[in-house]
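If you're wondering where the values come from, they're calculated on a predicted model, not measured in any experiment.
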Amino acid sequence: MSRRVFLITLFLICCASVALAAEPASKADHKLRVVLVGDSTVAEKSGWGTAFIKLLAPDVECINAARGGQSSKSFLDGGNWKKALDLKPDWVLIQFGHNDQPGKGPNRETDPETTYRANLIRYVDEARAIGAKPVLVTSLVRRTFQPDKQHLRVDLEPYVAAMKKVAEEKHVPLVDLHARSKELVEKLGPEGVKPMEPEGKTPGSLDGTHLNERGGEMIAPLVADELRKVAPELATHLAK
């Protein structure tokens with residue numbers, strides 16, 4: 001072997017060694033990206049999203065793309081869903097329902113059995129199309145008690161039922177936050193929920209839909225707990 005060939009061979013071996021040594025480091029530096037999609041009950045400063053991010057391990061980057069006032073329809077129509085997909089998430093947690101209800105106006109309202117269902121299917125299909133794994137999250141309950149002050153007056157069940165059907169049909173992990181939050185809120189009672197409620201629109205009143213910081217800290221663990229059951233792959237990235 002000539003000296004020239006020997007030196008070229010040695011150089012190529014060194015380059016290959018450097019590449020192999022660098023590869024594990026690049027993988028170690030990669031962070032799993034989780035994107036939260038939904039309305040104000042997920043969004044920063046008014047939902048559980050901020051507290052949930054704190055429950056994730058350091059190897060996870062979580063972006064809260066939820067926006068106040070959004071329904072499954074308006075989030076699509078306004079381009080927010082496209083922006084969420086452009087973030088190239090590995091996982092997407094999707095929660096809607098509150099602003100899909102009647103009385104929210106034609107730009108937001110959906111029918112549980114038709115348009116809401118179709119929107120959820122679109123979210124699932126388009127997330128999967130870019131290689132992301134969707135998780136459906138049923139709506140956080142409103143903390144409106146019946147006269148007995150023990151049971152909640154619930155009105156989101158049609159949307160919860162529709163999401164459960166889509167999750168079953170499309171084989172999507174489902175976090176039943178509606179059931180878990182209802183259980184917690186009824187256990188706490190009207191007085192017990194006050195620490196989680198932000199100030200209402202009128203002086204001295206409390207907001208029974210959104211969450212303050214403490215409220216987020218009380219609800220986020222419910223989401224994490226359900227993820228451990230339905231999405232074990234993602235659950236490994238929750239802080240212990």
Side-chain angles (χ1 to χ4, degrees), residues 23-44 47-50 52-100 107-108 110 112 114-140 159 162-177 220 223-224 226-239:
E23 186 177 358
S26 63
K27 287 183 178 179
D29 291 340
H30 172 72
K31 285 196 172 187
L32 191 80
R33 178 169 289 182
V34 177
V35 172
L36 307 181
V37 164
D39 53 37
S40 56
T41 61
V42 184
E44 295 179 2
W48 52 263
T50 301
F52 175 76
I53 292 173
K54 296 177 182 178
L55 300 179
L56 296 168
D59 66 340
V60 181
E61 176 187 24
C62 187
I63 301 172
N64 194 342
R67 296 291 179 266
Q70 298 297 302
S71 71
S72 67
K73 179 181 187 302
S74 63
F75 200 86
L76 286 166
D77 294 344
N80 289 306
W81 175 236
K82 182 181 182 303
K83 292 177 182 177
L85 292 181
D86 287 345
L87 295 170
K88 302 187 186 310
D90 296 297
W91 290 81
V92 187
L93 274 61
I94 303 161
Q95 180 202 291
F96 288 105
H98 281 258
N99 297 308
D100 286 80
N107 293 330
R108 296 191 288 177
T110 63
T114 57
T115 47
Y116 184 64
R117 169 186 166 83
N119 290 341
L120 293 180
I121 291 173
R122 178 176 170 183
Y123 284 117
V124 169
D125 289 345
E126 292 186 358
R128 286 174 168 168
I130 67 163
K133 298 177 182 179
V135 176
L136 296 177
V137 183
T138 59
S139 309
L140 176 71
Y159 295 90
M163 180 174 278
K164 287 182 177 179
K165 288 181 183 178
V166 170
E168 182 178 3
E169 293 169 7
K170 303 291 289 184
H171 305 290
V172 182
L174 177 89
V175 170
D176 195 356
L177 182 59
V223 178
E226 289 301 300
L227 283 173
R228 290 186 177 94
K229 301 174 186 176
V230 303
E233 187 180 350
L234 178 56
T236 61
H237 297 277
L238 291 167

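Contact check for V135 versus I94: no side-chain heavy atoms found under the 4.5 Å cut-off. Proximity of L93 to V37: side-chain heavy atoms (C-beta onward) are nowhere separated by under 4.5 Å. Counting heavy atoms from C-beta outward, L174 and K164 have side chains that approach closer than 4.5 Å. Side chains of V175 and V230 form a contact here, defined as non-hydrogen atoms less than 4.5 Å apart. At a threshold of 4.5 Å between non-hydrogen side-chain atoms, the residues E233 and W91 count as touching. At least one side-chain heavy atom of R128 sits less than 4.5 Å from a side-chain heavy atom of P134. Using a 4.5 Å heavy-atom threshold, the side chains of W48 and V137 count as touching. You'll find the side chain of N107 stays beyond 4.5 Å of the side chain of D77, heavy atoms only.
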For this session: Evaluate the side chain to side chain contact (heavy atoms under 4.5 Å, CB included) criterion for residues V92 and V34: first the C-alpha distance (whole Å), next the side-chain angles of each, then the deciding distance (0.1 Å), finally the verdict.
Result: CA-CA 6 Å; V92 187; V34 177; over 6 Å; no
For this session: Would you please test V60 and K31 for side chain to side chain contact (heavy atoms under 4.5 Å, CB included) and show each step?
Result: CA-CA 5 Å; V60 181; K31 285 196 172 187; over 6 Å; no
For this session: Evaluate the criterion side chain to side chain contact (heavy atoms under 4.5 Å, CB included) for residue pair L238 and L56; output intermediate values, then yes/no.
Result: CA-CA 4 Å; L238 291 167; L56 296 168; 3.6 Å; yes
Exercise. Between Y116 and F96, is a side chain to side chain contact (heavy atoms under 4.5 Å, CB included) present by the stated rule, with each step listed?
Worked result: CA-CA 9 Å; Y116 184 64; F96 288 105; 4.1 Å; yes
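The structure places CG of L36 at 6.0 Å from CZ of F52, a figure rounded to the nearest 0.5 Å. The NZ atom of K170 sits 6.0 Å away from the CD1 atom of I121 when rounded to the nearest 0.5 Å. One distance of note links CD of E126 with NZ of K82; it measures 11.0 Å at 0.5 Å rounding. Distance OG1/T138 to CE/M163: 7.0 Å, rounded to 0.5 Å. If you take NE2 on H98 and CG on D39, they are separated by 6.0 Å, rounding to the nearest 0.5 Å. For the atom pair CZ of R122 and OG1 of T115, the computed distance is 13.0 Å after rounding to the nearest 0.5 Å.
The aromatic rings of Y123 and W81 stand perpendicular to each other, their planes meeting at an angle above 60°, with 30° marking the opposite boundary.
In terms of modelled atom types and a separation under 3.5 Å, the side chain of N64 and the main chain of V42 share a donor-acceptor contact. With hydrogens and angles disregarded, a donor-acceptor distance shorter than 3.5 Å links the side chain of Q70 to the backbone of F75. Panel note: side chain N99, backbone R108; no donor-acceptor pair is recorded below 3.5 Å. With S71 contributing its side chain and S74 its backbone, the two residues share a donor-acceptor pair below 3.5 Å. The main-chain N or O of L87 is found under 3.5 Å from a side-chain atom of R33 such that the two form a donor-acceptor pair. Side chain of K88 to backbone of I130: no donor-acceptor contact under 3.5 angstrom is found.
Here the closest heavy-atom approach between residue P89 and residue A132 is recorded as O-CB, 3.3 Å. Between R117 and V166, the shortest heavy-atom distance links the atoms CG-CG2, 3.9 Å. Between A65 and V35, the shortest heavy-atom distance links the atoms CB-CG1, 3.8 Å.
A donor atom on one side chain and an acceptor atom on the other are found under 3.5 Å apart for T110 and D100. Q95 and S139 share no donor-acceptor pair across their side chains, judged by distance under 3.5 Å alone.
By the salt bridge (charged side-chain N to carboxylate O under 4.0 Å, His left out) test, E226 pairs with R180, K229, sequence neighbours left out. With sequence neighbours left out, N119 forms a side chain to side chain donor-acceptor pair (under 3.5 Å) with S72.
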